[in-house]
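What follows is one structure encoded as structure tokens, with my remarks underneath.
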Amino acid sequence: MAERGRFITLEGGEGAGKSTLARTLCGLLQALGLNVDVTREPGGTQNAEAIRELLVSGDAARWSPMAETLLLYAARVDHIEGRIEPALVNGDWVICDRFSDSTRAYQGAAGALDEARIAAIDMASLNAFKPDLTLILDLDPAVGLERTRSRGEAVTRFERHDLSFHTALREGFLRIAEKEAERCVVLDASQTPAQLADQAFTVIAKHFSLTP
């Protein structure tokens, strides 16, 4: 049997650069001879992508935090069963743009859904399944929102929330990192993409004892 792969998640607010970092890290890890799958949440499978469309489109108040959480975990279970777990069993490394920490930050810290309720849903759905390493990209939310606007892409429901929501979101991610320091590492996302990727790869190499 192949050695189990590693599961790395990238977290942070809007415009922090997670997607760009995921692609760069994929190339760096592949250069070491590893098989790497880059995916995202919500999404990653056909069913989860359909749920994603429900979550990101429409008015900001379309779903309550509890409804969002239940939709996210439905997508997450399908994502794990259909893509993440099979890849890990096969020995592949998986890099995921967002995972359960985003639910704790968006629906919990920013959406005011009780942390214990999210934890209960998480345990019932995932049975303690967690990433091996989480990189939290920290950025001033005003800067992040400006980045998303400058791309000229369609604005999602979550980007329509006011700055206080995104400030609470940032604080939520930092609290998660403080509570779970053995799994989470905070990176300064105001760096250039190249600087951020270099720092992130250094963290990954040290965490997993990788050698070029």
Side-chain angles (χ1 to χ4, degrees), residues 1-56 71-106 122 125-137 151 153 156 158 173 176-177 180 182-187 189 193-194 196-212:
M1 292 180 62
E3 180 182 354
R4 184 174 175 84
R6 302 292 185 265
F7 183 34
I8 301 170
T9 56
L10 307 181
E11 298 284 6
E14 305 297 332
K18 297 181 305 303
S19 299
T20 300
L21 179 59
R23 292 191 295 270
T24 304
L25 290 176
C26 176
L28 293 170
L29 291 170
Q30 286 175 333
L32 297 180
L34 298 168
N35 292 324
V36 184
D37 182 22
V38 176
T39 186
R40 69 175 182 176
E41 286 216 345
T45 61
Q46 183 176 356
N47 289 337
E49 289 290 339
I51 295 175
R52 177 187 180 88
E53 183 58 30
L54 292 173
L55 283 161
V56 302
L71 286 167
L72 284 162
Y73 272 96
R76 187 162 295 138
V77 169
D78 192 78
H79 191 198
I80 293 170
E81 293 177 347
R83 184 167 179 173
I84 296 174
E85 181 62 20
L88 295 175
V89 169
N90 191 51
D92 300 341
W93 287 47
V94 178
I95 299 174
C96 191
D97 180 346
R98 298 198 183 285
F99 196 64
S100 53
D101 291 319
S102 275
T103 306
R104 296 167 66 186
Y106 275 80
D122 187 275
S125 304
L126 308 188
N127 192 27
F129 181 90
K130 285 188 175 183
D132 298 299
L133 175 66
T134 297
L135 304 179
I136 295 178
L137 279 55
R151 296 179 193 145
E153 300 173 356
T156 70
F158 298 106
F173 278 123
I176 291 169
E180 300 189 42
E182 73 287 349
R183 174 176 66 86
C184 301
V185 177
V186 178
L187 303 178
L196 180 60
D198 183 64
Q199 186 180 14
F201 186 70
T202 298
V203 170
I204 291 170
K206 180 179 180 181
H207 189 85
F208 296 109
S209 301
L210 296 177
T211 55

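- Atom CD of E49 is separated from atom CD of E41 by 10.0 Å, given to the nearest 0.5 angstrom.
- Side chains of F129 and L88 form a contact here, defined as non-hydrogen atoms less than 4.5 Å apart.
- Residues H79 and C96 come closest through the heavy atom pair CE1-SG, 3.8 Å.
- When side chains are defined from C-beta on, R76 counts as touching T103, because their heavy atoms get closer than 4.5 Å.
- In this structure, A200 and L187 approach most closely via the heavy-atom pair CB-CD1, 3.7 Å.
- Exactly one residue among L28, D132, L135 makes a side-chain contact (heavy atoms from CB on, under 4.5 Å) with I204. That residue is L135.
- In E182, the CD atom is crowded: over 12 heavy atoms of neighbouring residues, nucleotides or ligands sit closer than 6.0 Å.
- Rounding to the nearest 0.5 Å places OG1 of T202 at 11.0 Å from CG of L210.
- For the pair A48 and D78, the tightest heavy-atom approach, listed with the atom from each and the gap, is N-OD2, 4.1 Å.
- Two residues are said to be in side-chain contact when any heavy atoms from C-beta on lie closer than 4.5 Å; I51 and P42 fail this criterion.
- The aromatic rings of F99 and F7 lie perpendicular to each other, with more than 60° between the two planes, well past the 30° mark.
- Q199 CD to L137 CG: the interatomic distance, rounded to the nearest 0.5 Å, is 9.0 Å.
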Please assess S100 against Y73 for the test side chain to side chain contact (heavy atoms under 4.5 Å, CB included), listing each intermediate value before the final yes or no. CA-CA 8 Å; S100 53; Y73 272 96; 3.7 Å; yes
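- To the nearest 0.5 angstrom, K18 atom NZ is 8.0 Å from E11 atom CD.
- Taking all atoms of both residues into account, the shortest heavy-atom contact from S102 to F173 is OG-CZ, 3.8 Å.
- Side-chain contact between F201 and L29 is present, with at least one heavy-atom pair separated by less than 4.5 Å.
- One finds the CD1 atom of I80 at 11.0 Å from the OG1 atom of T39 (value rounded to the nearest 0.5 Å).
- For the pair V94 and A87, the tightest heavy-atom approach, listed with the atom from each and the gap, is CG2-CB, 3.7 Å.
- Rounding to the nearest 0.5 Å gives a distance of 11.0 Å between CG of D101 and CG of L10.
- The heavy-atom pair separating T211 from L32 by the smallest distance is O-CD2, 4.1 Å.
- At a threshold of 4.0 Å, the pair R104-E180 counts as salt-bridged, since one of the basic side-chain nitrogens sits closer than that to a carboxylate oxygen.
- Residues F208 and I8 are in side-chain contact: their nearest non-hydrogen atoms beyond the backbone lie under 4.5 Å apart.
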